[in-house]
Amino acid sequence: MPELPEVETVVRGLQAHLPGRRIVEVRFGKTDFVIEPTAIAAGLAGRGISGVRRFGKFLLVECEAADSAGPRDAAAGAATKGAVEKDALLIHLGMTGQLTVSAASAPVAPHTHVFFALDDGRELRYTDIRRFGQMQLLRNGDRERVLGSLGLDPLEASEAEFTARVGERNARVKALLLDQHVLRGVGNIYADESLWRARVHPMRTGDSLRPEEMRALYRALQATLREAIRLRGSSVSDYVDAEGARGEFQLRHRVYQREGKKCFRCGAAIRRAIVAGRSSHFCPRCQRAPRKKRSLKKR
DNA sequence: CTTACGGCCTGGGTGC
DNA sequence: TGCACCCAGGCCGTAA
(Lines give C-alpha, C1' and ligand atoms only; values in the text may rest on other atoms or scores of the structure.)
Protein backbone atom coordinates (compact mmCIF):
# COMPACT_ATOMS: atom_id res chain seq x y z
CA MET A 1 0.00 0.00 0.00
CA PRO A 2 1.88 2.99 -1.21
CA GLU A 3 1.97 5.76 1.36
CA LEU A 4 4.46 8.59 1.75
CA PRO A 5 7.60 6.44 2.22
CA GLU A 6 6.72 4.12 -0.65
CA VAL A 7 5.90 6.98 -3.03
CA GLU A 8 9.08 8.77 -1.97
CA THR A 9 11.09 5.63 -2.74
CA VAL A 10 9.48 5.26 -6.16
CA VAL A 11 10.10 8.95 -6.90
CA ARG A 12 13.77 8.68 -6.01
CA GLY A 13 14.08 5.65 -8.24
CA LEU A 14 12.40 7.41 -11.15
CA GLN A 15 14.59 10.47 -10.65
CA ALA A 16 17.55 8.29 -11.50
CA HIS A 17 16.06 7.26 -14.83
CA LEU A 18 13.56 9.75 -16.23
CA PRO A 19 14.85 13.35 -16.20
CA GLY A 20 16.41 14.16 -19.57
CA ARG A 21 14.53 11.36 -21.32
CA ARG A 22 11.84 11.96 -23.89
CA ILE A 23 8.52 10.14 -24.05
CA VAL A 24 8.17 8.71 -27.53
CA GLU A 25 4.72 7.17 -27.28
CA VAL A 26 2.02 6.37 -24.73
CA ARG A 27 -0.03 3.18 -24.98
CA PHE A 28 -2.90 2.07 -22.80
CA GLY A 29 -4.54 -1.16 -21.75
CA LYS A 30 -7.57 -0.59 -19.54
CA THR A 31 -8.26 3.08 -18.96
CA ASP A 32 -11.15 3.15 -16.48
CA PHE A 33 -8.84 4.64 -13.84
CA VAL A 34 -7.38 7.27 -16.18
CA ILE A 35 -8.83 10.73 -16.63
CA GLU A 36 -8.73 11.70 -20.31
CA PRO A 37 -6.33 9.05 -21.60
CA THR A 38 -6.39 10.53 -25.10
CA ALA A 39 -5.24 13.85 -23.69
CA ILE A 40 -2.38 12.08 -21.93
CA ALA A 41 -1.33 10.26 -25.08
CA ALA A 42 -1.52 13.36 -27.22
CA GLY A 43 -0.07 15.67 -24.60
CA LEU A 44 2.94 13.57 -23.64
CA ALA A 45 4.08 12.08 -26.94
CA GLY A 46 7.34 13.74 -27.88
CA ARG A 47 7.67 15.60 -24.59
CA GLY A 48 10.84 15.68 -22.56
CA ILE A 49 10.76 14.83 -18.85
CA SER A 50 12.27 17.49 -16.63
CA GLY A 51 11.73 15.98 -13.20
CA VAL A 52 9.81 13.71 -10.88
CA ARG A 53 8.43 14.74 -7.52
CA ARG A 54 6.17 13.59 -4.72
CA PHE A 55 3.21 15.50 -3.32
CA GLY A 56 1.68 13.60 -0.44
CA LYS A 57 0.91 10.19 -1.90
CA PHE A 58 0.82 11.67 -5.40
CA LEU A 59 3.61 11.42 -7.87
CA LEU A 60 4.24 14.08 -10.52
CA VAL A 61 6.16 13.46 -13.72
CA GLU A 62 6.95 16.95 -14.94
CA CYS A 63 7.41 17.80 -18.58
CA GLU A 64 9.65 20.29 -20.25
CA ALA A 65 7.83 23.15 -21.94
CA ALA A 66 5.85 22.05 -24.97
CA ASP A 67 7.87 24.24 -27.33
CA SER A 68 11.22 22.89 -26.17
CA ALA A 69 11.59 20.42 -29.01
CA GLY A 70 13.85 22.75 -30.93
CA PRO A 71 16.65 25.09 -29.84
CA ARG A 72 15.40 28.09 -27.96
CA ASP A 73 16.53 31.12 -26.07
CA ALA A 74 16.26 30.11 -22.44
CA ALA A 75 16.25 33.68 -21.15
CA ALA A 76 13.47 34.77 -23.48
CA GLY A 77 11.49 31.67 -22.61
CA ALA A 78 11.79 32.38 -18.91
CA ALA A 79 10.75 35.96 -19.41
CA THR A 80 7.57 35.14 -21.27
CA LYS A 81 6.65 31.91 -19.54
CA GLY A 82 7.60 32.82 -16.03
CA ALA A 83 4.12 32.35 -14.64
CA VAL A 84 3.30 29.29 -16.70
CA GLU A 85 3.23 26.07 -14.80
CA LYS A 86 4.82 23.01 -16.28
CA ASP A 87 2.52 20.32 -17.57
CA ALA A 88 2.77 17.25 -15.40
CA LEU A 89 1.41 13.75 -15.30
CA LEU A 90 -0.24 13.20 -11.92
CA ILE A 91 -0.28 9.64 -10.66
CA HIS A 92 -1.77 8.11 -7.51
CA LEU A 93 -0.81 4.49 -6.96
CA GLY A 94 -3.95 3.61 -5.02
CA MET A 95 -3.48 0.31 -3.25
CA THR A 96 -1.68 -1.82 -5.79
CA GLY A 97 -0.19 0.59 -8.30
CA GLN A 98 3.40 0.05 -9.45
CA LEU A 99 5.60 2.29 -11.61
CA THR A 100 8.65 0.58 -12.99
CA VAL A 101 11.27 1.29 -15.61
CA SER A 102 12.33 -1.64 -17.72
CA ALA A 103 13.60 -2.53 -21.16
CA ALA A 104 10.86 -2.35 -23.75
CA SER A 105 11.66 -5.96 -24.59
CA ALA A 106 11.21 -7.14 -20.98
CA PRO A 107 8.22 -9.40 -20.22
CA VAL A 108 5.08 -7.46 -19.35
CA ALA A 109 3.67 -8.15 -15.91
CA PRO A 110 -0.05 -8.97 -15.70
CA HIS A 111 -2.34 -5.98 -15.07
CA THR A 112 0.05 -3.55 -16.75
CA HIS A 113 -2.19 -0.88 -18.26
CA VAL A 114 -0.04 2.07 -19.28
CA PHE A 115 3.22 2.08 -21.22
CA PHE A 116 5.37 5.17 -21.69
CA ALA A 117 7.93 4.36 -24.36
CA LEU A 118 11.14 6.32 -23.74
CA ASP A 119 13.75 7.51 -26.23
CA ASP A 120 16.42 5.17 -24.87
CA GLY A 121 14.63 1.92 -25.67
CA ARG A 122 13.16 1.52 -22.22
CA GLU A 123 9.61 1.89 -20.93
CA LEU A 124 7.99 3.40 -17.88
CA ARG A 125 5.16 1.00 -17.07
CA TYR A 126 2.14 1.37 -14.82
CA THR A 127 0.85 -1.87 -13.32
CA ASP A 128 -2.18 -1.94 -11.03
CA ILE A 129 -4.01 -5.12 -10.05
CA ARG A 130 -7.01 -3.42 -8.47
CA ARG A 131 -6.97 -0.25 -10.54
CA PHE A 132 -7.72 1.88 -7.49
CA GLY A 133 -4.99 4.18 -8.75
CA GLN A 134 -5.52 7.38 -10.68
CA MET A 135 -3.76 9.14 -13.51
CA GLN A 136 -4.38 12.48 -15.18
CA LEU A 137 -2.60 15.20 -17.09
CA LEU A 138 -2.24 18.46 -15.20
CA ARG A 139 -2.01 21.50 -17.41
CA ASN A 140 -1.35 25.07 -16.43
CA GLY A 141 -3.49 25.99 -13.44
CA ASP A 142 -4.72 22.47 -12.73
CA ARG A 143 -2.18 21.87 -10.02
CA GLU A 144 -3.70 24.28 -7.53
CA ARG A 145 -7.20 23.10 -8.33
CA VAL A 146 -6.38 19.41 -7.89
CA LEU A 147 -3.75 19.50 -5.15
CA GLY A 148 -4.39 22.82 -3.43
CA SER A 149 -6.66 21.53 -0.69
CA LEU A 150 -4.22 18.93 0.59
CA GLY A 151 -2.70 19.38 4.02
CA LEU A 152 0.89 19.75 5.18
CA ASP A 153 3.64 17.33 4.30
CA PRO A 154 4.34 15.64 7.64
CA LEU A 155 8.09 15.79 7.09
CA GLU A 156 7.99 19.50 6.31
CA ALA A 157 5.52 20.57 8.99
CA SER A 158 6.89 22.21 12.12
CA GLU A 159 5.74 20.99 15.51
CA ALA A 160 3.69 24.17 15.89
CA GLU A 161 1.96 23.60 12.56
CA PHE A 162 1.28 19.98 13.39
CA THR A 163 -0.16 20.91 16.78
CA ALA A 164 -2.36 23.57 15.23
CA ARG A 165 -3.72 21.15 12.65
CA VAL A 166 -4.37 18.23 14.97
CA GLY A 167 -4.79 19.73 18.41
CA GLU A 168 -7.87 21.81 17.77
CA ARG A 169 -9.95 19.03 16.30
CA ASN A 170 -12.51 16.88 18.07
CA ALA A 171 -12.15 13.99 15.61
CA ARG A 172 -10.27 10.83 16.47
CA VAL A 173 -6.55 11.22 16.05
CA LYS A 174 -6.47 8.19 13.74
CA ALA A 175 -8.95 9.88 11.41
CA LEU A 176 -6.93 13.09 11.52
CA LEU A 177 -3.67 11.35 10.62
CA LEU A 178 -5.40 9.65 7.68
CA ASP A 179 -7.13 12.82 6.47
CA GLN A 180 -5.15 14.02 3.45
CA HIS A 181 -6.54 17.52 3.98
CA VAL A 182 -4.90 17.65 7.42
CA LEU A 183 -1.62 15.96 6.54
CA ARG A 184 -0.74 14.68 3.10
CA GLY A 185 0.86 11.28 2.70
CA VAL A 186 0.02 9.31 5.85
CA GLY A 187 -1.93 6.07 5.39
CA ASN A 188 -3.04 3.22 7.59
CA ILE A 189 0.35 1.60 8.18
CA TYR A 190 2.19 4.72 9.26
CA ALA A 191 -0.73 6.07 11.26
CA ASP A 192 -0.84 2.90 13.35
CA GLU A 193 2.93 2.61 13.68
CA SER A 194 3.29 6.26 14.72
CA LEU A 195 0.50 6.07 17.29
CA TRP A 196 2.08 2.99 18.84
CA ARG A 197 5.47 4.67 18.94
CA ALA A 198 3.93 7.73 20.61
CA ARG A 199 1.82 5.57 22.95
CA VAL A 200 -1.35 7.32 21.83
CA HIS A 201 -4.59 5.35 21.40
CA PRO A 202 -6.16 5.77 17.92
CA MET A 203 -9.56 6.65 19.39
CA ARG A 204 -8.26 9.65 21.30
CA THR A 205 -9.43 12.95 19.88
CA GLY A 206 -6.94 15.49 18.60
CA ASP A 207 -8.00 18.08 21.15
CA SER A 208 -7.64 15.64 24.05
CA LEU A 209 -3.90 15.19 23.55
CA ARG A 210 -1.76 16.75 26.25
CA PRO A 211 1.18 18.85 25.00
CA GLU A 212 3.68 16.09 25.73
CA GLU A 213 1.52 13.58 23.87
CA MET A 214 1.21 15.90 20.90
CA ARG A 215 4.98 16.35 20.83
CA ALA A 216 5.51 12.60 21.09
CA LEU A 217 3.14 11.98 18.20
CA TYR A 218 4.78 14.62 16.02
CA ARG A 219 8.20 13.14 16.67
CA ALA A 220 7.00 9.56 16.29
CA LEU A 221 5.38 10.32 12.95
CA GLN A 222 8.49 11.92 11.52
CA ALA A 223 10.83 9.27 12.91
CA THR A 224 8.64 6.47 11.58
CA LEU A 225 8.37 8.01 8.11
CA ARG A 226 12.10 8.71 7.93
CA GLU A 227 13.03 5.19 8.97
CA ALA A 228 10.54 3.75 6.48
CA ILE A 229 12.07 5.84 3.68
CA ARG A 230 15.51 4.63 4.72
CA LEU A 231 14.30 1.04 4.44
CA ARG A 232 12.64 1.76 1.08
CA GLY A 233 9.07 1.39 2.26
CA SER A 234 6.80 -1.41 3.42
CA SER A 235 6.03 -4.29 1.07
CA VAL A 236 2.98 -5.87 2.65
CA SER A 237 1.23 -6.80 -0.58
CA ASP A 238 2.20 -5.60 -4.02
CA TYR A 239 4.43 -2.62 -3.38
CA VAL A 240 7.72 -2.50 -5.24
CA ASP A 241 10.01 0.39 -6.11
CA ALA A 242 10.90 1.71 -9.58
CA GLU A 243 13.35 -1.17 -10.05
CA GLY A 244 10.76 -3.75 -9.02
CA ALA A 245 12.42 -4.40 -5.65
CA ARG A 246 10.53 -4.81 -2.38
CA GLY A 247 11.01 -2.59 0.65
CA GLU A 248 12.02 -3.77 4.10
CA PHE A 249 10.12 -1.64 6.58
CA GLN A 250 7.44 -4.33 6.92
CA LEU A 251 10.06 -6.20 8.96
CA ARG A 252 10.01 -3.32 11.46
CA HIS A 253 6.25 -3.04 11.90
CA ARG A 254 5.35 -3.02 15.58
CA VAL A 255 1.55 -3.21 15.37
CA TYR A 256 0.36 -3.19 11.77
CA GLN A 257 -1.10 -6.62 10.91
CA ARG A 258 0.22 -8.01 14.20
CA GLU A 259 -3.15 -8.70 15.85
CA GLY A 260 -2.75 -11.21 18.68
CA LYS A 261 1.05 -11.01 18.65
CA LYS A 262 3.02 -9.60 21.57
CA CYS A 263 3.72 -5.90 21.93
CA PHE A 264 7.43 -5.28 21.44
CA ARG A 265 7.42 -2.95 24.47
CA CYS A 266 5.22 -4.63 27.06
CA GLY A 267 4.27 -8.07 25.77
CA ALA A 268 0.52 -7.50 25.78
CA ALA A 269 -1.44 -8.91 22.83
CA ILE A 270 -1.84 -6.42 19.99
CA ARG A 271 -5.47 -5.65 19.23
CA ARG A 272 -7.29 -4.70 16.07
CA ALA A 273 -10.38 -2.50 15.97
CA ILE A 274 -12.17 -0.44 13.36
CA VAL A 275 -11.44 3.24 13.94
CA ALA A 276 -12.38 5.88 11.41
CA GLY A 277 -13.60 3.06 9.20
CA ARG A 278 -10.14 1.54 9.04
CA SER A 279 -8.49 -1.47 10.62
CA SER A 280 -6.46 -0.06 13.47
CA HIS A 281 -3.78 -1.98 15.32
CA PHE A 282 -2.62 -0.96 18.77
CA CYS A 283 -1.34 -2.18 22.12
CA PRO A 284 -4.15 -2.03 24.70
CA ARG A 285 -1.61 -1.58 27.51
CA CYS A 286 0.83 0.94 26.03
CA GLN A 287 -1.87 2.97 24.30
CA ARG A 288 -4.52 3.86 26.84
CA ALA A 289 -8.06 4.07 25.54
CA PRO A 290 -9.99 7.25 26.25
CA ARG A 291 -11.99 6.60 29.42
CA LYS A 292 -15.28 8.31 28.81
CA LYS A 293 -17.41 8.74 25.75
CA ARG A 294 -16.71 11.87 23.81
CA SER A 295 -19.09 14.70 24.39
CA LEU A 296 -21.22 15.56 21.38
CA LYS A 297 -19.91 19.06 21.29
CA LYS A 298 -20.72 21.41 24.11
CA ARG A 299 -24.42 21.95 24.53
C1' DC B 1 -19.17 24.01 9.71
C1' DT B 2 -17.73 19.38 11.92
C1' DT B 3 -17.89 14.47 12.50
C1' DA B 4 -19.40 9.63 11.59
C1' DC B 5 -20.69 6.17 8.67
C1' DG B 6 -21.98 3.30 4.72
C1' DG B 7 -21.34 2.20 -0.03
C1' DC B 8 -18.66 1.85 -4.14
C1' DC B 9 -14.71 0.57 -7.13
C1' DT B 10 -11.61 -4.41 -8.10
C1' DG B 11 -9.64 -8.89 -7.58
C1' DG B 12 -6.41 -11.91 -4.59
C1' DG B 13 -6.64 -14.76 -0.71
C1' DT B 14 -9.18 -17.60 2.33
C1' DG B 15 -12.30 -20.95 3.96
C1' DC B 16 -15.79 -24.18 3.22
C1' DT C 1 -12.57 -28.58 -7.96
C1' DG C 2 -15.52 -24.49 -7.39
C1' DC C 3 -17.42 -20.45 -5.24
C1' DA C 4 -19.04 -17.05 -1.87
C1' DC C 5 -17.15 -13.74 0.94
C1' DC C 6 -13.84 -10.57 3.16
C1' DC C 7 -10.83 -6.92 2.79
C1' DA C 8 -7.78 -3.16 1.22
C1' DG C 9 -7.70 2.95 0.54
C1' DG C 10 -9.83 6.99 -1.16
C1' DC C 11 -13.77 9.41 -2.09
C1' DC C 12 -18.45 10.80 -2.02
C1' DG C 13 -23.16 11.23 -0.34
C1' DT C 14 -25.96 11.46 3.63
C1' DA C 15 -27.28 12.34 8.32
C1' DA C 16 -26.97 14.38 12.76
Side-chain angles (χ1 to χ4, degrees), chain A residues 1-8 10 28-35 37 54-59 90-99 109-114 126-136 145-151 154 164-195 201-209 225 228 233-240 246-247 250 253 255-260 271-281 290 292-299:
Chain A
M1 274 138 269
E3 304 179 22
L4 188 155
E6 289 76 32
V7 179
E8 180 67 27
V10 171
F28 290 96
K30 293 186 179 180
T31 57
D32 56 356
F33 62 97
V34 182
I35 297 175
R54 178 183 64 76
F55 195 85
K57 300 182 196 176
F58 288 92
L59 198 144
L90 180 71
I91 301 171
H92 194 294
L93 299 174
M95 292 177 56
T96 55
Q98 302 175 341
L99 268 179
H111 306 290
T112 301
H113 298 298
V114 192
Y126 181 75
T127 306
D128 191 344
I129 295 173
R130 301 278 155 82
R131 305 202 302 283
F132 282 12
Q134 177 190 320
M135 191 175 293
Q136 74 179 103
R145 177 176 57 77
V146 176
L147 301 176
S149 70
L150 293 178
R165 288 277 177 141
V166 174
E168 295 176 12
R169 297 283 300 272
N170 186 238
R172 291 162 176 160
V173 66
K174 173 68 182 271
L176 295 171
L177 291 177
L178 292 179
D179 187 341
Q180 300 302 296
H181 303 285
V182 176
L183 296 170
R184 58 178 197 256
V186 181
N188 211 31
I189 295 174
Y190 299 102
D192 282 3
E193 293 296 320
S194 300
L195 288 166
H201 193 283
M203 293 184 86
R204 296 279 301 281
T205 61
D207 59 11
S208 78
L209 297 186
L225 293 172
S234 300
S235 289
V236 293
S237 57
D238 304 272
Y239 165 73
V240 293
R246 291 165 57 83
Q250 70 277 8
H253 289 177
V255 284
Y256 186 75
Q257 289 191 344
R258 291 194 69 247
E259 182 182 13
R271 287 228 189 100
R272 182 173 80 97
I274 302 298
V275 181
R278 289 279 167 269
S279 259
S280 300
H281 312 76
K292 56 181 183 186
K293 283 202 158 102
R294 300 187 294 129
S295 62
L296 296 174
K297 206 77 179 173
K298 56 192 172 208
R299 49 173 33 235

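Sequence lines set the chain letters: A, B, ... in the order given, protein chains first and strands last, and positions in each chain run from 1.
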Checklist entry - At what distance, to the nearest 0.5 angstrom, does CZ of A/Arg165 lie from CG of A/Leu177? => result 13.0 Å

Next on the checklist: Base, sugar-phosphate or nothing for A/Thr96? Non-hydrogen atoms, less than 4.0 Å.
Outcome noted: nothing

Checklist outcome for this item: From CG of A/Leu176 across to C1' of B/dT3 the rounded distance in Å is 10 Å

Checklist entry - Rounded to whole angstrom units, what separation is found between the NZ atom of A/Lys174 and the P atom of B/dT3? => result 17 Å

Checklist entry - Of all residues at least two apart in sequence or in a different chain, which pass the ring pair (Phe, Tyr, Trp, His ring centres under 6.0 Å) check with A/Tyr256? => result A/His253, A/His281

Checklist entry - Which value, rounded to the nearest 0.5 Å, describes the distance between A/Asp192 atom CG and A/Gln257 atom CD? => result 10.0 Å

Checklist entry - B/dT2 P sits how many Å from A/Arg165 CZ, rounded? => result 12 Å

Checklist entry - Less than 4.5 Å apart, any side-chain heavy atom of A/Glu168 and any of A/Asp207? => result no

Checklist outcome for this item: Whether each nucleotide of nucleotides 7-12 of chain B has a protein heavy atom under 4.0 Å at its base (B), only at its sugar-phosphate (S) or at neither (-) is summarised, 5' to 3', as --BBBS

Checklist entry - Roughly, in whole Å, what's the span from CD in A/Gln134 to C1' in C/dC12? => result 13 Å

Next on the checklist: Which residues pass the ring pair (Phe, Tyr, Trp, His ring centres under 6.0 Å) test with A/His92, not counting sequence neighbours?
Outcome noted: A/Phe58

Checklist entry - Roughly, in whole Å, what's the span from CG in A/Asp207 to P in B/dC1? => result 20 Å

Item to check | Rounded interatomic separation in angstrom, taking CZ from A/Phe33 and P from C/dA8 | outcome: 23 Å

Next on the checklist: For A/Arg272 and A/Phe58, find the nucleotide of DNA chain C closest to each by heavy atoms; which residue's nucleotide sits nearer the 5' end?
Outcome noted: A/Arg272

Next on the checklist: Just the rounded figure in Å: distance from C1' of B/dG6 to CD1 of A/Ile274.
Outcome noted: 13 Å

Item to check | Minimum-distance nucleotide (side-chain atoms of A/Met95 versus C/dG9, C/dC11, C/dC7) | outcome: C/dG9

Checklist entry - Given A/Tyr190 and A/Glu6, is the side chain to side chain donor-acceptor pair (under 3.5 Å) satisfied, shown in steps? => result CA-CA 11 Å; A/Tyr190 299 102; A/Glu6 289 76 32; 2.5 Å; yes

Checklist entry - Can you tell me how far NE2 of A/His201 sits from OG of A/Ser280, rounded to the nearest 0.5 angstrom? => result 9.0 Å

Checklist entry - Under 4.0 Å between a side-chain N or O of A/Asn188 and OP1 or OP2 of C/dG9? => result yes

Checklist entry - Hey, does A/Tyr239 reach any base, or is it just sugar-phosphate, or nothing, if we go heavy atoms under 4.0 Å? => result nothing

Checklist outcome for this item: To the nearest angstrom, the CG-C1' distance between A/Leu93 and C/dG9 comes to 12 Å

